[in-house]
Amino acid sequence: QTGSAPNHPSDSEDDEYITNVSIGTPAQVLPLDFDTGSSDLWVFSSETPSSSARGHTIYTPSKSSTSKKVSGASWSITYGDNSSSSGDVYTDTVTIGGFSVTGQAVESATKVSTQFVQDTSNSGLVGLALDSGNTVKPTKQKTWFSNASSHLAQPVFTADLNHQADGSYNFGFIDTTLASGPITYVPISTGNGFWEFTSASYAIGGGSSKKHSTDGIADTGTTLLLLDDTIVDAYYNQVESAQYDDSQEGYTFDCSEDLPSFSFAVGSSTITVPGSLINFAPVDGNTCFGGLQSDDGIGISIFGDVAIKAALVVFDLGNKRLGWAQK
Ligand SMILES: CSC[C@H](NC(=O)[C@H](Cc1ccccc1)OC(=O)N1CCC(N)CC1)C(=O)N[C@@H](CC1CCCCC1)[C@@H](O)COc1ccncc1
């Protein structure tokens, strides 16, 4: 058995990638943000204050004949950007790309932070990191993929994200036609509950590769590519008009500049992010914001959407490994 669901950018900046998910009986369809950087499936619901839920599609458990309340269960999560949400828990049937999981924990939001209220492009998240990161108490719940994996043809899923175009999340199979190059696999370390791997070197433009060990996570829920300051400073040293903009909290540059590519090692291969993907978004006039920025303060590097857009990424739970193929 397999599943295949399209995704699309949430806005003109590729800030998030949205996929429609069916919950309950009859199906209630919500636009959700698939996040390989967290492990909770949570939704705006009939329990979310209506002032907060305005503009969002909601899940109403009482309208679903297959919903069950998980008595005494609650959840609360804070993300890397300090957005947060919390609430109580139901189980229900959740279908993604034609593949249904029954008894899936659907975390209903009774509280959401301002960022979520304002971001009407999603009605919640589908966490696709490891089960250990789930926040439900007193009993941790499994992710949709974890529940699905034992019934899928293969315990894998792939992320294909594209700049200003549709992509896909495929479950249980790998469509190698989505890639231009071979898939290179690297082992993940599971201790922090992320799809965490180590990249041994990087290169800027056509330059020589520099040995630099990066411990990072493959994270579809993070917009940018967030790496160590030394790498980021070295990159923007190659961009004539680049400067660090305190108000924007990141490097900006003249939108008309041709940006160098950025390559990172995956095992014995490399993935190259074209400069066009690093010219992330205009901030004002002809000043643009970079898609490569510092990971300062997070304690880990994040290969977010800017990096994932350059590749087909294979999340292989069965073999505890991550695969990257150039697109
Ligand atoms: C340093 S993780 C920062 C990251 N959040 C982002 O990437 C947000 C995403 C966004 C949100 C709303 C509108 C537009 C874009 O976007 C930006 O922060 N930016 C994009 C726009 C740009 N101009 C400024 C920078 C983040 O918490 N992700 C988590 C999922 C995310 C939460 C917010 C809603 C969308 C999904 C998750 O995977 C990673 O959780 C952790 C990572 C590390 N330890 C703890 C948690």
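Just follow the structure's listing: the first ligand is 1, and inside any ligand the first atom is 1.
Using a 3.5 Å distance cut-off with no hydrogens or angles, the side chains of T66 and D92 do pair a donor with an acceptor.
The ring pair (Phe, Tyr, Trp, His ring centres under 6.0 Å) test with F157 singles out one residue from Y169, F173, F145, and that residue is F145.
Evaluation of the ring-ring contact (aromatic ring centres under 6.0 Å, His included) rule for H56 yields F44 as partners, not counting sequence neighbours. In this view, D175 and T177 satisfy the side-chain hydrogen bond (donor to acceptor under 3.5 Å, both in side chains) rule, not counting sequence neighbours.
The aromatic rings of F289 and F280 lie perpendicular to each other, with more than 60° between the two planes, well past the 30° mark.
Contact residues for ligand 1 (protein heavy atom closer than 4.0 angstrom to any ligand atom): D15, E16, D33, D35, G37, Y79, G80, D81, S83, Q115, F116, D119, L125, D219, G221, T222, T223, L226, I298, I302.
Contacts classified as side chain to side chain donor-acceptor pair (under 3.5 Å) and involving residues 279-293 (residues at least two apart or in different chains) are not found.
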